[in-house]
Amino acid sequence: MPRFILAFGGAGFSHSSVYKTDCGSAAAMWLPPGVESDGDAIEVILGESIAPQRMEEIGSFYAQMDEFHPQERCWYLPLIAADPSQTGRGLGAALMKHAIQKCDEQGLPAYLESSNPRNISLYERHGFEVMGEIRTPNSPLMTPMFRPARLNFGTAA
């Protein structure tokens with residue numbers, strides 16, 4: 001799992017777009033526009049860890065993810081997580097607020113896939129809209145969500 005996480009969102013480390021809460025109980029790995037997950041490494045990891053008979057379905061799942069992923073320049077949130085014992089404390093909301101502020105300062109949209117239906121309302125509160133569903137017969141539901149660009153002009157003093 002650590003190898004997969006690094007392949008999926010680790011490029012955010014070299015772009016200073018991985019954020020954690022002060023308490024260290026939650027983190028979000030964002031990829032800035034033009035930066036992508038390491039598809040080659042993901043393919044190797046999946047090949048090593050997924051039964052061959054499931055690879056076609058996994059391929060279908062990733063193809064659906066690609067179909068929803070915006071072609072325009074945008075910030076992408078491949079991973080966000082909180083210590084399960086710390087959920088409900090607003091840690092995810094704090095991480096989202098911080099990142100969305102950066103998106104707005106740059107006038108750029110944001111995109112994510114929610115793997116947890118309970119988090120959809122959190123993302124909606126931050127301006128994300130459901131685009132559809134990603135699923136295969138044996139996969140959990142993944143919900144792609146897009147947040148249009150908004151300009152943040154700050155407040156007048």
Side-chain angles (χ1 to χ4, degrees), residues 1-50 58-59 61-132 134 139-152 154:
M1 190 64 172
R3 285 176 52 217
F4 180 82
I5 289 172
L6 285 175
F8 200 51
F13 283 111
S14 60
H15 290 85
S16 301
S17 57
V18 175
Y19 310 113
K20 70 174 186 67
T21 56
D22 289 339
C23 66
S25 295
M29 299 175 97
W30 284 87
L31 297 181
V35 177
E36 298 182 5
S37 298
D38 186 342
D40 292 339
I42 291 171
E43 192 172 317
V44 168
I45 294 164
L46 292 177
E48 293 172 356
S49 58
I50 302 294
I58 299 297
F61 190 84
Y62 276 95
Q64 290 177 60
M65 287 176 68
D66 287 343
E67 288 175 23
F68 281 104
H69 199 100
Q71 296 302 307
E72 67 188 283
R73 289 177 44 82
C74 68
W75 281 87
Y76 173 48
L77 176 64
L79 297 159
I80 186 169
D83 180 328
S85 70
Q86 301 298 310
T87 59
R89 294 186 46 218
L91 301 176
L95 288 168
M96 290 299 294
K97 181 180 178 182
H98 176 76
I100 292 304
Q101 181 179 351
K102 289 189 175 295
C103 294
D104 289 349
E105 287 170 356
Q106 297 173 12
L108 291 170
Y111 173 75
L112 60 84
E113 297 108 357
S114 177
S115 61
N116 186 341
R118 293 178 298 191
N119 291 342
I120 291 175
S121 63
L122 165 70
Y123 303 135
E124 288 176 331
R125 286 193 305 273
H126 287 88
F128 285 86
E129 300 169 2
V130 172
M131 300 170 69
I134 299 169
S139 71
L141 172 66
M142 183 85 78
T143 306
M145 302 183 77
F146 183 78
R147 182 183 188 273
R150 299 181 184 171
L151 292 177
N152 180 359

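No hydrogens, no waters, no symmetry mates; every other heavy atom, side chains included, goes into these values.
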Measuring from atom [atom1] of [X] to atom [atom2] of [Y], what distance do you get when rounded to the nearest 0.5 angstrom?
X      : Y      : atom1 : atom2 : value
Met142 : Tyr62  : CE    : OH    : 7.5 Å
Ile42  : Arg3   : CD1   : CZ    : 11.5 Å
Ser37  : Ile5   : OG    : CD1   : 12.0 Å
Asn116 : Thr87  : CG    : OG1   : 10.0 Å
Ser139 : Phe61  : OG    : CZ    : 4.5 Å
Leu108 : Ile100 : CG    : CD1   : 11.0 Å

Worked verdict on Trp30 versus His15 for side chain to side chain contact (heavy atoms under 4.5 Å, CB included): CA-CA 9 Å; Trp30 284 87; His15 290 85; over 6 Å; no
Which atom names give the shortest non-hydrogen contact between [X] and [Y], and what distance separates them?
X      : Y      : result
Phe13  : Leu6   : CE1-CD2, 3.9 Å
Pro148 : Gly127 : CD-O, 3.9 Å
Met29  : Pro78  : O-CD, 2.8 Å
Cys103 : Pro109 : SG-O, 4.5 Å
Ala28  : Ile80  : CB-CG1, 3.9 Å
Met145 : Ser114 : SD-CB, 4.4 Å

Could you check whether any side-chain heavy atom of [X] comes within less than 4.5 Å of a side-chain heavy atom of [Y], counting everything from C-beta outward?
X      : Y      : value
Pro32  : Gln106 : no
Thr143 : Tyr123 : no
Glu72  : Phe146 : yes
Met96  : Leu112 : yes
Cys23  : Gln86  : no
Ser17  : Tyr19  : yes
Glu67  : Ile134 : no

Check: Ala26 main-chain N/O paired with Thr21 side-chain donor or acceptor under 3.5 Å: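 Answer holds: yes.
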Sidechain-backbone polar pair: Ser25 side chain, Asp83 backbone, donor-acceptor under 3.5 Å: no
So with a 6.0 Å cut-off around [atom1] of [X], is the heavy-atom count from everything else above 12?
X     : atom1 : value
Asp66 : CG    : yes
Glu36 : CD    : no
Glu43 : CD    : no

Verdict with reasoning, Tyr76 to Glu113, per side chain to side chain contact (heavy atoms under 4.5 Å, CB included): CA-CA 9 Å; Tyr76 173 48; Glu113 297 108 357; 2.6 Å; yes
Trace of the side chain to side chain contact (heavy atoms under 4.5 Å, CB included) decision for Tyr111 with Met131: CA-CA 10 Å; Tyr111 173 75; Met131 300 170 69; 3.5 Å; yes
N-O pairing of Asp104 and Arg147 below 4.0 Å: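 A salt bridge is present here (some side-chain N lies under 4.0 Å from a carboxylate O).
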